[in-house]
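Working notes, structure below.
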Amino acid sequence: MSTIIGLVDCNNFYVSCERVFRPDLEGKPVVILSNNDGCAVARSNEAKALGIGMAEPAFKIRHLVEEAGLIMLSSNYTLYGDMSARVMSVLADHVPAIEVYSIDESFLLLDGMPMTDFTPWARELRETVRRWTGIPVSIGIATTKTLAKMANRLAKKSPKAGGVLDLASHPEWLDRALAQTEVKDLWGVGPAFTAKLTVKGIRNAKQLRDAEDGWIRKNLGNVGLRTVMELRGVAVHDLESEPEPRQSCCVSRSFGEATSSRDDVRDAVVTFAGRAAEKVRRSGLVAGVVQAFIATDRFRHGDPQHSAAVSVKLPSPTDSTPRIIEAALRALGAAWKDGFAYRKAGVILLELVAPGDVPRDLFSPPASPKSTALMGALDATNQRFGRDTLRFGGLIAEDAGWKMHQGNKTPGYTTCWADIPVAKLG
DNA sequence: TCTGGGGTCCTAGGACCC
DNA sequence: TCTGGGGTCCTAGGACCC
């Protein structure tokens with residue numbers, strides 16, 4: 001018997017999270033903006049119906065606020081992360097194994113479950129998630145991850161599917177499902193592959209499934225061939241319920257305003273390096289390499305452009321904030337060129353490993369107990385009293401130009417005592 | 001005039017994902 | 001005026017070696 005995989009995807013996830021605490025947003029066009037309030041990263045169905053695309057720049061849709069009652073909210077990732085954990089824990093309670101794939105998606109392993117048709121069970125699971133968390137989800141079921149993703153998409157689109165499509169129990173629906181799906185909507189097919197396939201006359205998933213291996217391999221590589229195998233029902237992507245430790249950690253931001261001041265960019269890099277160090281400590285890892293990058297505004301075609309990324313190898317892997325900041329500043333020094341208006345910077349920590357896996361080296365001593373204690377105190381203080389209560393690199397002006405713009409953020413309903421909603425009786 | 005060939009390692013960039 | 005952030009994997013090509 002072949003494996004059966006479910007894919008659960010939260011509908012319009014960020015918007016749905018906001019609606020749990022703002023029922024007044026129900027039925028209205030709502031978008032959630034990216035960091036910096038730059039572009040739309042989540043849209044309610046009503047917003048999609050207004051023609052707002054994914055990653056649509058905010059300034060292009062602002063007129064819809066007046067004209068169509070569009071509501072634009074800044075993103076509240078603390079809220080979304082917390083709601084995500086709730087959804088995932090409900091799912092995990094109902095299946096043998098789960099792979100959390102992203103903040104709003106999970107693959108479910110359905111092998112060994114006693115039903116011959118998963119549809120009624122999946123509809124029930126959907127209701128349970130909705131009742132217990134307030135979040136609506138769709139469920140696709142098939143014999144491979146790629147087909148489950150496709151089934152999920154069709155389940156979400158079709159009004160009569162009731163949020164569930166089970167292609168594993170109904171292989172007779174497969175051909176029609178494949179024929180209805182454009183290649184650009186498949187998992188693993190992006191703009192570059194779509195362009196190549198279109199030239200070849202391959203437009204839908206059924207044509208892609210039946211395409212010739214040699215041509216696929218030559219033009220889309222082994223990566224493309226794997227997608228085709230999955231469309232044929234050959235599972236090449238296994239369910240991974242034990243998450244692999246992360247290999248890199250990136251903290252980067254576009255600035256609220258461009259700046260050519262070296263001190264400004266330095267402040268930003270120090271801040272990002274500190275945040276990145278905090279993240280790897282939380283993961284229980286240490287970094288071997290620190291990279292800093294800077295870039296001018298790529299959308300201002302008339303302006304002189306410069307972008308650079310420089311890596312610095314640490315003498316020995318570390319999670320210490322001051323050592324990581326120092327390396328990031330050396331990298332920044334090497335990447336810097338005067339006379340450009342910078343719009344973005346970032347710090348990436350690479351070669352992450354568990355401290356126990358670091359090869360011991362005669363010349364570099366292990367982390368000093370003092371430094372470890374200091375970092376522990378730093379994290380505990382900031383956890384308790386708020387981000388940046390303690391920080392390295394001095395005070396940073398609240399209104400520094402490079403800081404993010406976030407005009408319309410909702411409260412931390414589930415994670416901040418002061419923001420917890422109050423219920424009024426009678 | 002002729003001017004190897006094959007293996008490995010590393011890196012940058014491309015392609016994809018949400 | 002205004003265009004996100006954080007990841008992974010793969011591949012092509014250069015450097016280097018014998």
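Here is how names work: the chains are called A, B, and so on, in the same order as the sequence lines, proteins then strands, and each is numbered from 1.
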Indicate whether OP1 or OP2 belonging to C:dG7 is found under 4.0 Å from a side-chain N or O atom of A:Lys279. yes
Selection from B:dC16, B:dC18, C:dG5 that lies nearest to any side-chain heavy atom of A:Asp104: B:dC18
Distance below 4.0 Å between A:Arg226 side-chain N/O and C:dC9 OP1 or OP2: no
Crowding at CZ, A:Arg266 (>12 non-hydrogen neighbours, <6.0 Å): no
Indicate the atoms forming the closest heavy-atom contact of A:Ser2 with A:Thr143, along with that distance. OG-CG2, 3.8 Å
Respond yes when some side-chain nitrogen or oxygen of A:Ser102 is under 4.0 Å from OP1 or OP2 of B:dC17, and no when none is. no
Would you please confirm or rule out a distance under 4.0 Å between OP1 or OP2 of B:dA15 and any side-chain N or O of A:Lys196? no
Below 4.0 angstrom from OP1 or OP2 of C:dT8, is there any side-chain N or O of A:Ser248? yes
The nucleotide from C:dG4, C:dC9, B:dC17 with an atom nearest the side chain of A:Tyr101 is B:dC17
Of the nucleotides C:dC9, B:dA15, C:dT3, which has the atom closest to the A:Cys39 side chain? C:dT3
Pairs satisfying salt bridge (charged side-chain N to carboxylate O under 4.0 Å, His left out), at least one member in residues 179-205 of chain A, at least two apart: A:Arg153-A:Asp185
When A:Leu197 is tested against each of A:Leu220, A:Asn219, A:Leu186 for side-chain contact (heavy atoms from CB on, under 4.5 Å), which residue passes? A:Leu220
Does the pair A:Ser138 and A:Asn152 meet the rule for a side chain to side chain donor-acceptor pair (under 3.5 Å), with working shown? CA-CA 6 Å; A:Ser138 303; A:Asn152 180 281; 5.2 Å; no
Hey, is the side chain of A:Arg246 poking within less than 4.0 Å of OP1 or OP2 on C:dG7, counting only N and O atoms? yes
Using the rule side chain to side chain donor-acceptor pair (under 3.5 Å), only one of A:Glu18, A:Lys156, A:Lys48, A:Arg43 pairs with A:Asn12; which is it? A:Lys48
Side-chain N or O of A:Ser252 versus OP1/OP2 of C:dG6: is the shortest distance under 4.0 Å? yes
Could you identify which residues of residues 53-64 of chain A place a heavy atom less than 4.0 Å from some atom of DNA chain C, listed by residue number, or say none? A:Pro57, A:Phe59
Salt bridge (charged side-chain N to carboxylate O under 4.0 Å, His left out) contacts in which one or both residues fall within residues 214-239 of chain A, not counting sequence neighbours: A:Asp213-A:Arg232
Let me know, please, whether A:Glu244 or A:Arg298 comes out on the 5' side of the other along DNA chain C by nearest nucleotide. A:Arg298
Sequence neighbours left out, what pairs pass salt bridge (charged side-chain N to carboxylate O under 4.0 Å, His left out) with at least one residue falling in residues 55-68 of chain A? none
Going by number, which of residues 210-225 of chain A have a non-hydrogen atom under 4.0 Å from DNA chain C? A:Asn222, A:Val223
When the distance from NZ of A:Lys344 to P of C:dG4 is rounded to whole Å, what number comes out? 7 Å
Residue-phosphate contact under 4.0 Å: A:Lys149 side-chain N/O, B:dC17 OP1/OP2: no
In what stems does DNA chain B take part, counting only runs of at least 3 consecutive Watson-Crick or G-U pairs whose two distances fall under 3.5 Å? B:5-18 with C:5-18
Does A:Arg300 put a side-chain nitrogen or oxygen below 4.0 Å from OP1 or OP2 of C:dT3? no
Donor + acceptor pair across side chains of A:Ser254, A:Asn36 (<3.5 Å): no
